[in-house]
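One structure is given below, encoded as structure tokens.
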Amino acid sequence: MSKFPVWFKRAYKQWSRSQPGEEDFLAFCDLLGYSPAIVLNWLQGDSIPRGAEILSIAGLFGAKVYSLLDQPEPDSELLKIYNSFSHLTGEHRGKLAHALWEAQTEMSQKGVTVRSEEAKSILSQAFKKWGFETPTKN
């Protein structure tokens with residue numbers, strides 16, 4: 001049995017206690033960028049996060065989630081990018097996780113390093129696909 005649900009419940013409780021006022025489950029789901037039904041399934045162990053969902057959790061609670069789920073960690077540079085957008089919540093946070101996960105997958109398949117010019121193009125295309133327009137140069 002996966003250790004993930006126990007770890008995730010503990011992480012949620014710690015997050016909840018650290019919030020001012022009465023933050024609730026819906027605020028937690030919004031912060032992760034996923035619906036309450038999905039997050040509840042993770043907490044109860046009815047399903048486990050996959051792909052971009054894991055990145056969203058790692059952005060809040062650290063990369064340990066990858067080892068708990070027996071998944072390879074993404075490039076540390078992509079985690080830094082994701083964390084630099086930590087102010088996003090809800091749908092935008094989920095979209096960012098999906099864009100970065102898709103870019104990571106494509107870069108891995110092509111053997112492209114994150115700091116290469118081709119990686120910049122892949123990231124730009126993924127961001128655009130998920131609704132994040134990059135500014136044009138004048």
Side-chain angles (χ1 to χ4, degrees):
M1 178 165 173
S2 173
K3 295 178 183 178
F4 174 77
V6 172
W7 175 85
F8 192 54
K9 282 179 197 172
R10 191 175 318 122
Y12 167 65
K13 286 178 183 176
Q14 287 175 339
W15 174 86
S16 184
R17 284 191 299 262
S18 72
Q19 300 305 301
E22 294 187 25
E23 290 294 332
D24 63 3
F25 180 69
L26 294 177
F28 180 68
C29 295
D30 188 54
L31 185 61
L32 284 172
Y34 293 95
S35 74
I38 290 172
V39 176
L40 187 60
N41 282 336
W42 296 339
L43 285 167
Q44 294 175 340
D46 294 335
S47 67
I48 57 170
R50 303 211 183 283
E53 297 167 338
I54 303 171
L55 179 58
S56 188
I57 295 167
L60 286 177
F61 301 120
K64 179 180 180 171
V65 67
Y66 285 96
S67 63
L68 287 170
L69 293 168
D70 219 14
Q71 296 292 313
E73 283 188 33
D75 187 286
S76 62
E77 291 298 315
L78 290 179
L79 283 172
K80 287 179 188 176
I81 292 169
Y82 185 80
N83 287 330
S84 71
F85 289 94
S86 63
H87 61 285
L88 296 177
T89 58
E91 180 183 353
H92 299 294
R93 191 176 185 94
K95 286 182 176 184
L96 176 65
H98 279 278
L100 289 172
W101 181 77
E102 286 182 10
Q104 170 74 36
T105 300
E106 185 175 343
M107 286 185 269
S108 292
Q109 290 171 347
K110 293 181 174 180
V112 173
T113 62
V114 173
R115 295 185 181 265
S116 70
E117 286 301 313
E118 189 174 355
K120 290 177 187 175
S121 174
I122 291 169
L123 282 164
S124 178
Q125 290 171 4
F127 277 18
K128 187 174 183 177
K129 174 185 174 186
W130 286 95
F132 296 97
E133 295 293 326
T134 54
T136 56
K137 294 181 181 177
N138 292 331

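The shown structure was predicted, so the numbers you read here are calculated from the model rather than taken from an experiment. Only this structure's heavy atoms are used, side chains among them; waters, hydrogens and symmetry mates stay out.
In the hydrophobic cluster analysis, where Ile, Leu, Val, Met, Phe, Trp and Tyr join through side-chain heavy atoms closer than 4.5 angstrom, Leu26 is grouped apart from Tyr12. Put simply, Trp101 and Tyr82 are part of two different groups of oily side chains (I, L, V, M, F, W, Y) that touch within less than 4.5 Å, one to the next. When the side chains of ILVMFWY residues are joined at heavy-atom separations under 4.5 Å, either directly or via intervening members, Leu43 and Val6 end up in two distinct hydrophobic clusters. Clustering ILVMFWY residues whenever any of their side-chain heavy atoms sit less than 4.5 angstrom apart, transitively, puts Phe132 in the very cluster that holds Leu79.
Between Phe28 and Phe8, the ring-plane angle classifies as tilted under the 30° and 60° cut-offs.
Nearest approach of Val112 to Ser116, heavy atoms of both residues: CG1-OG, 3.0 Å. When all heavy atoms of Ala99 and Ala126 are compared, the closest pair comes out as O-CB, 3.4 Å. Summarising the geometry of Cys29 relative to Pro36, their closest heavy-atom pair is SG-CA, 3.5 Å, with the distance given to 0.1 Å. Between Ala119 and Val114, the shortest heavy-atom contact is CB-O, 3.2 Å.
Here the CG-CG distance, from Leu60 to Leu31, works out to 4.5 Å after rounding to the nearest 0.5 Å. Between Glu73 atom CD and Tyr66 atom OH the span is 7.5 Å, to the nearest 0.5 Å. Separation of atoms CD (Glu106) and OG (Ser121) is listed at 8.0 Å; rounding is to 0.5 Å. Interatomic distance, CG of Leu40 versus CD of Gln44, reported as 4.0 Å (0.5 Å rounding). Atoms CD and CD, from Gln19 and Gln14 in turn, are 12.0 Å apart once rounded to the nearest 0.5 Å. Interatomic distance, OG of Ser67 versus NZ of Lys3, reported as 9.0 Å (0.5 Å rounding).
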Yes or no on side chain to side chain contact (heavy atoms under 4.5 Å, CB included) for Leu55 and Leu96, after CA distance, side-chain angles and deciding distance? CA-CA 9 Å; Leu55 179 58; Leu96 176 65; over 6 Å; no
Check the pair Ile122 / Lys110 against side chain to side chain contact (heavy atoms under 4.5 Å, CB included), numbers first and verdict last. CA-CA 11 Å; Ile122 291 169; Lys110 293 181 174 180; 4.3 Å; yes
I'd like to know whether Phe4 forms a side chain to side chain contact (heavy atoms under 4.5 Å, CB included) with Ile57, so could you lay out the CA-CA distance, the side-chain angles of the two residues, the decisive distance to 0.1 Å, and finally the verdict. CA-CA 11 Å; Phe4 174 77; Ile57 295 167; 3.9 Å; yes
Please step through side chain to side chain contact (heavy atoms under 4.5 Å, CB included) for the pair Met107 and Asp75, ending with a clear verdict. CA-CA 10 Å; Met107 286 185 269; Asp75 187 286; over 6 Å; no
Kindly determine whether Arg50 and Glu53 satisfy salt bridge (charged side-chain N to carboxylate O under 4.0 Å, His left out), including the steps that lead there. CA-CA 5 Å; Arg50 303 211 183 283; Glu53 297 167 338; over 6 Å; no
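Residues Ser108 and Gln104 have side chains that bring a donor and an acceptor to within less than 3.5 angstrom of each other.
A ring-centre distance under 6.0 Å is not found for Trp15 and Phe61.
For Arg93 (side chain) and Leu88 (main-chain N/O), a donor-acceptor pair under 3.5 Å exists by modelled atom type. Side-chain N or O atoms of Ser56 include one that pairs as donor or acceptor with a backbone N or O of Leu32 at under 3.5 Å.
Side-chain contact between Ser47 and Trp42: present, with at least one pair of heavy atoms (C-beta onward) separated by less than 4.5 Å. Taking 4.5 Å as the limit, every side-chain heavy atom of Lys128 sits out of range of all side-chain heavy atoms of Gln125. Side-chain contact check for Lys64 versus Trp7: some heavy-atom pair is nearer than 4.5 Å. Phe127 places a side-chain heavy atom less than 4.5 Å from the side chain of Ile81.
Within a 6.0 Å radius of CD in Glu77, more than 12 heavy atoms belonging to other residues, nucleotides or ligands are found.
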